[in-house]
Amino acid sequence: MVFRSEEMCLAQLFLQSGSEYDCISELGELGLVEFRDLNPSVSSFQRRFVSEIKRCEEMERILGYLLREIQKANIAVPEEDESPLAPPPRQVLEIMEQLQRLEMELSEVAKNKEKLRRNLLELTEYTHMLKITRTFIHSRSRHEALGPQYEEFPTMETDSVSGCTGMQRLGAKLGFVSGLIQRVKVEAFERMLWRVCKGYTILSYAEVDENLADLDTGEISKSVVFLISFWGDQIGQKVQKICDCYHCHLYPHPENDEERADVLDSLRTRIQDLNNVLHRTEEYLRQVLQKASESAYTWVVQVKKMKAIYHILNLCSFDVTNKCLIAEVWCPVSDLANLRGALEEGSRKGDATVPSFVNRIPSNDTPPTLLRTNKFTSGFQSIVEAYGVGDYREVSPAPYTIITFPFLFAVMFGDLGHGMVISLFALWMVLTEKKQNKKRSSNEIWTTFFNGRYIILMMGLFSVYTGLVYNDCFSKSLNIFGSGWSVKAMFTNQNKTLQTNALLTLDPNFSGVFSGPYPFGIDPIWNMAVNRLSFLNSYKMKMSVVIGVVHMSFGVVLSVFNHLHFRQKFNVFLLFLPELLFLLCLFGYLVFMIFYKWLAFGARDSSQAPSILIHFINMFVMQGKDITPLYPGQMGLQIFLVIIAMLSVPVLLLGKPLYLYWLYRGGKGLRRRRGYERVRRVSEDDNSTAPSYEDDEEEGVDEVTNREFDFADVLLHQSIHTIEYCLGCISNTASYLRLWALSLAHARKFSTNNQFTLSFLCSNATLC
């Protein structure tokens, strides 16, 4: 990771016919360039390599089907350590034919397997139906079962003369419909039969003990076997339609027990044969998928690379002879030699008689921003890019974010024990990163943690450091070096402190009470003090204000490097100085008061130390004559700093727009003279190239010279910037001060409600 983005140049590639595919493949493996579209007016369907892209999309479709089948079979796809190269053009048709043959074979085997499974399910259902309906018939004799049930039909009464029922005289026959239906549909099915057939049917049903798969959907569910008895063909047709409406699986019902037994024996034999055939089919299918899985990863990567190559070739244009492709690319200046080497290697692989070559061309277009990262810095760069990508050749804040982001998190987190837990977890992810990368987990939360493993590691390490500073381990203090406070000096013969007072105050002015500061971090005895909250909150809030102001000042200082690099010196005076003055005159002065109070007041006069919070508030209202000053001449200096801060706001708001307006309206002679001087310098130097926007002395001058100047647009942009900057500084610091005041009020309230208290007085414990 570098200080600023890479220097880029516009280059023109001349790719000879026959080797253009290999040249683009080599460039893609290196990842050096960004191609420009030279055919913006041509639609995607009218470009030269549309047929090749369609072929790649067809192969992607076949590979998608293949991967789904492999996933269904629970077969792992092995991945290679190195990414395979794009296949040469002569092998593309071979891969296509191989994938088509594999697709046809898999689809045929899969269809046969599905057909066998369906037949097996049908035979299994038929077997259950025969077994259960046998219980319906054998529960009682045939005539005994039909006699009482037919009494409810008025037309089934037996004639005393002929001995036949009314239905038999009409020629109606007794029919049966048997099959299976889902259990959830039984009640509605029974109700529909009764309403449509008007009670001229007898329905018997029982639930199947075994869970069966549905023939249409494949879902496992409970099924019910039913047997419907009816008279007449018309009733039978109605029953048939109702069964079709409820998607019942109907099977023929045997007329007698002998036929039922023969059918059951035949079904057992067929089921056994189907199981054997299905098992062999599944074994063969698994062997085919196992062999295909060995090359699946290579095929997927190769097809993606082929498709990307043809997409890039569609961005190129042909010369007038149609023998050479011309491409324009943005390339880092430092990688031009590698670019030429890639073209030479591509020409060699393509057996081109004329090698491809590159030509650097001047351009006034703004190049893309390139920031090189690795596995450690990529996470921090992602955090920066979440707020926006910087302009070309701007200072990159990502290198500084490696320190500032985890450190500011640790200032907030600050616990030795929890920091070690986070560090160990991140260290485990770092040590096993190769293994985790191969797994390619689809869990989005885990992927987020794993991609930020180095960020988490840095946050954990900094949390360990700040936890030692706070002397906080799982919210408990550690007494490593021994406390610097002692109560032995308070116990003398003349001192009756413990007998006469419930509150013990350790005064550092008393000889022998305070032997010196704790070697590193907060003294553990503060964990026993009642004013622990007030002391720690005061300490942490002051530290937060100091770190926050330093952090914001550092960000403002970084902008100077951008102004000087782009030769925008007016931005140094009209943007940087007002911003820095506004920040330092107000909040830099607050940091000064914090350090001054720490250094100026000791243990003896700490009770006389004034409140920084009150002084800072009085600074804005220009009051405080009745309050003891922090140092001599404080009132006059504060008024001067407030005036400087207030004057910097209109300069920040109006300075740049008015200066650019003056350049556009009144500085034409100055611009003309600069243009003459630049032309003269170029003509004197034969080896110089055409000047780009980076060679101008003032980019702001060229900006208003080369395009129409809109004062309202510039003023609006600067107004937004001024409001965001000023309100951002004020709101950030105000939030610290508000938390500061609330923590002090809470600490004081807590101390007044405690009966047994222990307080300490020292110079570093003075409250604001």
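- Arg268 and Asp265 are joined by a salt bridge, as a carboxylate oxygen and a charged side-chain nitrogen come within less than 4.0 angstrom of each other.
- The shortest side-chain heavy-atom distance between Ile383 and Ile455 falls under the 4.5 Å cut-off.
- Using a 30° and 60° split on the angle between ring planes, Phe425 and Trp428 fall in the parallel class, below 30°.
- Annotation: Lys185, atom NZ; neighbour count of heavy atoms from other residues, nucleotides and ligands within 6.0 Å is above 12.
- No more than 12 heavy atoms of other residues, nucleotides or ligands lie within 6.0 Å of CD in Gln234, so this atom counts as exposed by the packing criterion.
- Counting non-hydrogen atoms of neighbouring residues, nucleotides and ligands closer than 6.0 angstrom, the NZ atom of Lys222 exceeds 12 such neighbours.
- For the pair Trp330/Arg36, a side-chain contact is recorded, criterion being any heavy-atom separation below 4.5 Å from C-beta on.
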Gln100 vs Ile62, test: side-chain contact (heavy atoms from CB on, under 4.5 Å). Steps then yes/no.
CA-CA 7 Å; Gln100 287 178 346; Ile62 298 175; 4.0 Å; yes

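- Ring planes of Tyr126 and Tyr251: parallel class, angle under 30° (limits at 30 and 60°).
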Let me see the working for Met420 and Phe474 under side-chain contact (heavy atoms from CB on, under 4.5 Å), right down to the final yes or no.
CA-CA 10 Å; Met420 291 182 65; Phe474 296 113; over 6 Å; no

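- Here Arg348 pairs with Glu345 in a salt bridge; the nearest charged N to carboxylate O distance falls below 4.0 Å.
- Met129 approaches Gly179 most closely through the heavy-atom pair CG-N, 4.1 Å.
- Ion pairing between a basic and an acidic side chain is recognised when a charged N comes within 4.0 Å of a carboxylate O; Glu114 and Arg117 show such pairing.
- Other residues, nucleotides and ligands place no more than 12 heavy atoms under 6.0 Å from the CD atom of Glu258.
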Using side-chain contact (heavy atoms from CB on, under 4.5 Å), reason through Cys56 and Tyr310 one step at a time and then give a plain yes or no.
CA-CA 9 Å; Cys56 294; Tyr310 288 120; 4.1 Å; yes

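- Using a 4.5 Å heavy-atom threshold, the side chains of Arg61 and Glu103 count as touching.
- The closest side-chain heavy-atom distance from Gln98 to Trp299 is below 4.5 Å.
- Closest approach of Ala342 and Leu30 over heavy atoms only: CB-CD1, 3.6 Å.
- When all heavy atoms are compared, the tightest approach of Asn314 to Asn39 is O-ND2, 3.1 Å.
- The shortest heavy-atom contact between Leu180 and Glu125 is CD1-O, 3.6 Å.
- Taking the ring centre of Tyr65 as origin, the terminal cationic atom of Arg68 falls outside the region bounded by 6.0 Å and 45° from the ring axis.
- Inspection of the Glu210 and His128 side chains reveals an N or O donor paired with an N or O acceptor under 3.5 Å.
- For Gln71, the CD atom counts as loosely surrounded, since its 6.0 Å shell holds 12 or fewer non-hydrogen atoms of other residues, nucleotides or ligands.
- Looking at heavy atoms from C-beta onward, Leu13 lies in side-chain contact with Leu27 at the 4.5 angstrom threshold.
- Checked by atom type, the side-chain pair Thr133/Arg260 shows a donor-acceptor distance below 3.5 Å.
- Crowding of Lys305 atom NZ: a count of heavy atoms from other residues, nucleotides or ligands under 6.0 Å exceeding 12.
- When all heavy atoms of Val33 and Phe35 are compared, the closest pair comes out as CG2-CE1, 3.5 Å.
- Taking a 6.0 Å sphere around CD1 of Ile445, one finds it holds 12 or fewer heavy atoms contributed by other residues, nucleotides or ligands.
- Ser25 and Asp22 share no side-chain donor-acceptor pair at under 3.5 Å.
- Between Pro87 and Met306 the shortest side-chain heavy-atom distance falls below 4.5 Å.
- No side-chain heavy atom of Val225 sits under 4.5 Å from any side-chain heavy atom of Tyr205.
- Formation of a donor-acceptor pair under 3.5 Å by the Ser423 side chain with backbone atoms of Gly460 is found in this model.
- The main-chain N or O of Ala292 is never found under 3.5 Å from a side-chain atom of Ser295 such that the two would form a donor-acceptor pair.
- Taking the six-membered ring where the residue is Trp, Phe318 and Phe49 present parallel rings, their angle staying beneath 30° rather than reaching 60°.
- Contact record, Cys243 with Phe189: SG-CZ, 3.8 Å, taken as the closest heavy-atom pair.
- The shortest distance between side-chain heavy atoms of Glu20 and Gln16 does not fall below 4.5 Å.
- A salt bridge does not link Asp209 with Lys131: none of the charged nitrogens is closer than 4.0 Å to a carboxylate oxygen.
- Under a 4.0 Å N-O distance rule, the pair Arg286/Glu282 does not qualify as a salt bridge.
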Any chance you could lay out the side-chain contact (heavy atoms from CB on, under 4.5 Å) test for Met96 and Arg55, step after step, and finish with the verdict?
CA-CA 8 Å; Met96 182 70 179; Arg55 186 185 299 118; 4.0 Å; yes

Would you sort out whether Tyr454 and Phe380 count as a ring pair (Phe, Tyr, Trp, His ring centres under 6.0 Å), showing the intermediate values?
CA-CA 9 Å; Tyr454 289 100; Phe380 298 96; 8.6 Å; no

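- Between Lys349 and Glu26 there is a salt bridge, since at least one side-chain N of the basic residue sits less than 4.0 Å from a carboxylate O of the acidic one.
- Glu60 has no carboxylate O lying under 4.0 Å from a charged side-chain N of Lys304, or vice versa, which leaves the two without a salt bridge.
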